[in-house]
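One structure is given below, encoded as C-alpha cells.
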Amino acid sequence: MLRGEKHEGGGRLSLAGQAFVLQLVVLGLVIGIGAVLAVLDARHDSDVTTSREVTDVAVTVAQAPSTIAALHTSDPTALLQPVTERTRIQTGMDFIVVMAPDRTRYTHTTPELIGQPFSGTIDRALAGQTFTETYTGTLGPSIRAVTPIYDNGRIIGLVSAGVTRARIGDQVGTQLPLILGVAAAGLAVAAAGSFLLARRIRRQTHGLAPDELRTMYEQHDAVLHSIHEGLVVFGPTGERAEVVNDEARRLLDLPAGTVERGDLPISMQRMSWGVVRDEMHVTTDRILLVNQDVVTWERRPIGTVITIRDHTELRTVMGELDSVRGFAESLRAQAHESANRLHTVITMVELGRYREAVEFATAELQLSQALIDRLLTSVGDPALAALLLGKVNQAAERGIELTITEDTALDSTAPLSAHETVTLVGNLIDNAIDAATEGAEGWVEVTVRQQDSEMIADPAAAPDPAVELAAAFDAVRSANGDSALYVRVADSGPGMSAQTFARAAERGYSTKADHHGLGLALVHRLVDRHGGVIGTERDPESAVTVTIPRKDAR
C-alpha cells in the first residue's frame, strides 16, 4: 500500500476504531464498578448512621424518668405505648419496644404483639451492655439496638429501637438517581474524550488497521534497505529529514543520525520545493541525477520525496561518446571538404590549368599537415592531440577559428589520465566555442603546456585575475613542487563574472537557455580532486585557466 492512496477498510476496524471501542468498554466497566461501589458505600454509610440513631433513641428512652416510673406501675403499657409511638414517629424509627427482663413486650408498633415475647437477642443487654444487631423480626430484617433500663443499679427492663432494611433501602434509593447521573455524565465525558482521541489517531494513521500498519512498516523497512537509489523524505516544514536510506547517506556523504536540510550539498539545498525532474547535481566525488516529488494527502501537501541516482560512470561514458561523436563529425566534415577540393582540382585539370590545380591541392594539405605534425611532435598524449585536431574542425564547421598556440607543448598529461584530460580540455573548449558563437568573427585560442615557476615572473605586473592565479599557483607550487599542468582556453565571448563562475562550480549550471550544462561543474570537480586551481579572466579577453600540480615533479 502506498502512502497517499485512499484506504478502503474492507470491513476491518481501523486502529482508531479499535482504540475507541476498547476505551469505551474499559471506561464503561470502570464507571459501572464505581457506581456499584458508590451504592455499596452509600448503604454502608446509611447502616452506620442508622446504628448510631437507633442506639441514641433506645438509650434516650431507657434513661427517661417516665419510663422507669411506668415500669413500677401495674399497667406499664398504658403509660408507655403513647409515649413510645410519639417518639417513634418523631425519630423515624420503625419500632420502639419496651420489655420486661423476661422478654414480655410492654409496647410495640403493632398493638396485637404487646404482651408477647420479644424476638431478638437480649443476653448482652441483660449483662448491662448496649449493642446493635441486624435481625429478622416480626417487621422483617432490621437494624436494632437493645439497651438495659436501670433503677438504683438494678435492671428492671429493656428498650429496643430499630429501623427495617426496607426503610434503609428507600433512603439509599433516593441517592441512586444522583449516583447514576454522575456515572452517566462521567461516561459521556469519557466517551467524548475517547472519540476525539480516536479521531486524532485516525488522522495520524490514515484510517489503517493494525495489521495494515504492521505490513506497511515491514514493507517500508524492506524497500528502504533494498532499493539502489538514494531516498530522502522531508516533512511539511522541509527542514528535517524524516526518512534517509543507506544509499542516500552514501551518495551524499551524510552524517549518521538526524539529517537537516543544511547537511545536503549546497546545490540541493537551493532546489525549489516543487516537482523536479532529472536535475543534474555535481558533488566532489559524484554526478547525481535528482528527482523531487511533492506528497499530498487529501489535496494537502505533507512532505517532499527526493530520489538520487549515481550517474558518475554514465556521464564519463557519455563524455567519451561525445568525444568520439565529435571526431566522427570532424571526419565527415573533412571528407565533405576533401570531396569538394577533389572536384575543384579535377575541373581545373580538365580546363588545362595544371599548375593552379597543383597549388590548390597542396596548399590546404600543407596547412593541415603542418598542424598535425606540430601537435604530434609537441603533445606527447595521442588522445589529447586527436581531441585538439577534432575541435579545430568542429569549430570551423560553426564558423569559429580555433587556434592552438605555438607554446603548446607537453610530454605527458600527468597527473591526469587520458579520460580526465579529454574531460578537462574538451569541456573548456566546448564552452569557449559556445561563447564565441554569440558574436561575429568568433575565435578560440587553446594553450596546453607544462607550467614552471619561472613562467610567472612578475605577478604584480599582471592583470588582477592573473595576480590571483599567480598567488594560487605559488601555493600549489610550494605544496607540490615547481611543475604543473597548465591549460588556458580564451575566446571572443563576453566571459563570465566571478559570481556566475562560482555558481558553475556548484552543480550543472549553464548560461545557456536550457540551463542543463555540466561542463564547468565537471571541470571544477576534476580540478578539486587533483588539488589544482581554476580561475577566469575577462580582461583583456575572456579566458579560463587551470593549473594542476604534477606531484611527481620535485
Side-chain angles (χ1 to χ4, degrees), residues 29-68 70-71 80-99 101 103 105-111 113-114 116-150 155 157-187:
L29 288 175
V30 170
I31 292 175
I33 292 172
V36 171
L37 292 176
V39 172
L40 293 177
D41 185 66
R43 182 168 179 174
H44 174 266
D45 290 345
S46 181
D47 286 351
V48 172
T49 301
T50 301
S51 297
R52 187 169 56 251
E53 290 177 350
V54 297
T55 300
D56 292 343
V57 170
V59 171
T60 300
V61 172
Q63 293 177 353
S66 59
T67 302
I68 298 174
L71 291 179
L80 294 176
Q81 178 69 9
V83 176
T84 56
E85 280 299 296
R86 185 168 59 251
T87 302
R88 180 185 68 80
I89 294 173
Q90 291 174 349
T91 59
M93 298 292 104
D94 283 322
F95 63 88
I96 297 177
V97 176
V98 179
M99 70 192 82
R103 293 180 177 268
R105 295 188 183 102
Y106 294 133
T107 65
H108 197 278
T109 303
T110 305
L113 298 179
I114 295 175
Q116 295 184 11
F118 173 77
S119 59
T121 303
I122 63 171
D123 295 339
R124 286 186 290 171
L126 291 175
Q129 297 180 11
T130 299
F131 68 94
T132 60
E133 67 173 353
T134 301
Y135 190 85
T136 302
T138 57
L139 298 179
S142 63
I143 294 177
R144 59 183 64 184
V146 182
T147 186
I149 302 172
Y150 287 95
I155 297 176
L158 304 173
V159 177
S160 175
V163 177
T164 61
R165 282 288 186 190
R167 180 184 289 269
I168 296 174
D170 292 340
Q171 293 174 352
V172 174
T174 59
Q175 302 179 30
L176 276 180
L178 177 61
I179 295 174
L180 295 178
V182 171
L187 183 60

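Just so it is clear, the model here is predicted, and its values are computed rather than measured.
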Flag the pair Ser142 / Thr134 as yes when at least one side-chain heavy-atom distance between them is below 4.5 Å, and no otherwise. no
I would like to know whether Asp94 and Val163 meet side chain to side chain contact (heavy atoms under 4.5 Å, CB included); could you show each step before the answer? CA-CA 5 Å; Asp94 283 322; Val163 177; 3.6 Å; yes
Distance (rounded to the nearest 0.5 Å) between Gln63 CD and Ile68 CD1: 8.5 Å
Leu126 side, atom CG; Ile122 side, atom CD1 - distance, nearest 0.5 Å: 4.5 Å
Minimal non-hydrogen separation, Thr147 against Ala58, with atom names: CG2-O, 3.4 Å
Would you mind reporting whether Val98 and Ile149 have side-chain heavy atoms less than 4.5 Å apart? yes
Short side-chain to backbone donor-acceptor contact, Arg103 and Gly120, under 3.5 Å: yes
Thr107 side chain to Ile96 backbone, donor-acceptor under 3.5 Å: yes
Which pair of non-hydrogen atoms, one from Gln81 and one from His108, has the smallest distance, and what is that distance? NE2-O, 2.9 Å
Main chain of Thr132, side chain of Thr55: is a donor-acceptor contact present, judged purely on distance under 3.5 Å? no
Euclidean distance, Thr136 OG1 relative to Arg144 CZ, rounded to 0.5 Å: 8.0 Å
To the nearest 0.5 angstrom, please state how far the OG1 atom of Thr87 sits from the CD atom of Gln90. 6.0 Å
Output for pair (Thr84 OG1, Tyr106 OH), nearest 0.5 Å, gives 13.5 Å
On a heavy-atom basis, the closest approach of Ser160 and Phe95 is OG-CE1, 3.8 Å
Could you walk me through whether Phe118 and Leu158 pass side chain to side chain contact (heavy atoms under 4.5 Å, CB included), step by step? CA-CA 10 Å; Phe118 173 77; Leu158 304 173; over 6 Å; no
Rounded distance (nearest 0.5 Å) linking atom OG1 of Thr109 with atom CE of Met93: 11.0 Å
Kindly indicate whether the side chain of Asp56, heavy atoms from C-beta on, has any atom under 4.5 Å from the side chain of Glu53. no
Between Thr67 (side chain only) and Val61 (backbone N and O only), is there a donor and an acceptor less than 3.5 Å apart? yes
Among residues two or more places apart or on two chains, list those pairs meeting salt bridge (charged side-chain N to carboxylate O under 4.0 Å, His left out) that have a residue in residues 122-137. none
Using only atom types and a distance under 3.5 Å, with no angle test, would you say the side chain of Arg105 pairs donor to acceptor with the backbone of Met99? no
Measure across Val54 and Ala161 and return the closest heavy-atom pair with its distance rounded to 0.1 Å. CB-O, 3.5 Å
Do you know which two heavy atoms are closest between Pro148 and Ala125, and how far apart they sit? CB-O, 3.5 Å
